[in-house]
Amino acid sequence: VQGFTMDAGLGEFILTHPNIQMPKKRGIYSTNEGNSKYWPEPVLEWCREMKEAEKPYSARYIGSMVADA
């Protein structure tokens with residue numbers, strides 16, 4: 001994944017965060033479960049595993065100005 005930032009002076013997006021990768025392991029996950037009834041079963045199972053693990057992950061709730069598909 002590549003991250004771009006809008007440069008208003010140039011009027012174009014500039015590559016500012018190349019090769020973004022997720023860490024191998026963390027203690028917090030964040031999802032918008034509002035549309036979870038439309039998720040494929042493997043995604044639902046992954047979320048269940050996060051919640052039911054011996055040492056459950058912490059869920060993170062945020063508000064963002066982004067569009068959901």
Side-chain angles (χ1 to χ4, degrees):
V1 173
Q2 310 299 333
F4 294 84
T5 302
M6 176 64 159
D7 183 323
L10 294 175
E12 60 186 55
F13 288 93
I14 306 297
L15 176 63
T16 54
H17 299 83
N19 197 28
I20 299 171
Q21 296 186 14
M22 290 178 57
K24 297 279 184 202
K25 190 143 175 104
R26 289 290 189 194
I28 297 174
Y29 75 99
S30 179
T31 62
N32 177 353
E33 295 189 38
N35 291 317
S36 62
K37 67 180 181 178
Y38 304 112
W39 293 352
E41 186 56 36
V43 175
L44 292 169
E45 178 60 27
W46 181 86
C47 285
R48 277 193 293 272
E49 288 175 11
M50 295 298 104
K51 295 173 188 176
E52 297 170 3
E54 186 174 322
K55 181 181 176 193
Y57 280 64
S58 297
R60 181 176 185 192
Y61 300 94
I62 61 171
S64 300
M65 294 284 293
V66 297
D68 284 337

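Screening residues 8-23 for side chain to side chain donor-acceptor pair (under 3.5 Å) gives Thr5-Thr16, Asn19-Gln21 as the qualifying pairs, with residues at least two apart or on separate chains.
Checked against side-chain hydrogen bond (donor to acceptor under 3.5 Å, both in side chains), Ser36 has no partners two or more places apart in sequence or in another chain. In this structure, Gln2 has no side-chain hydrogen bond (donor to acceptor under 3.5 Å, both in side chains) partners at least two apart in sequence or on a different chain.
The other members of the hydrophobic cluster of Leu10, by chain and number, are Ile14 (side-chain heavy atoms under 4.5 Å, ILVMFWY only). Apart from Phe13 itself, the hydrophobic cluster it occupies contains Phe4, Met6, Leu15, where clustering links Ile, Leu, Val, Met, Phe, Trp and Tyr at side-chain heavy-atom distances under 4.5 Å. Hydrophobic cluster membership of Val1, counting Ile, Leu, Val, Met, Phe, Trp and Tyr whose side-chain heavy atoms lie under 4.5 Å apart directly or via other members: Ile20.
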Name every donor-acceptor pair, under 3.5 Å, that has one atom in a side chain of residues 37-50 and the other anywhere in the protein, sequence neighbours excluded.
residue : atom : partner : partner atom : Å
Glu41   : OE2  : Arg48   : NH2          : 2.4
Glu45   : OE1  : Arg48   : NE           : 3.3
Glu45   : OE1  : Arg48   : NH2          : 3.1

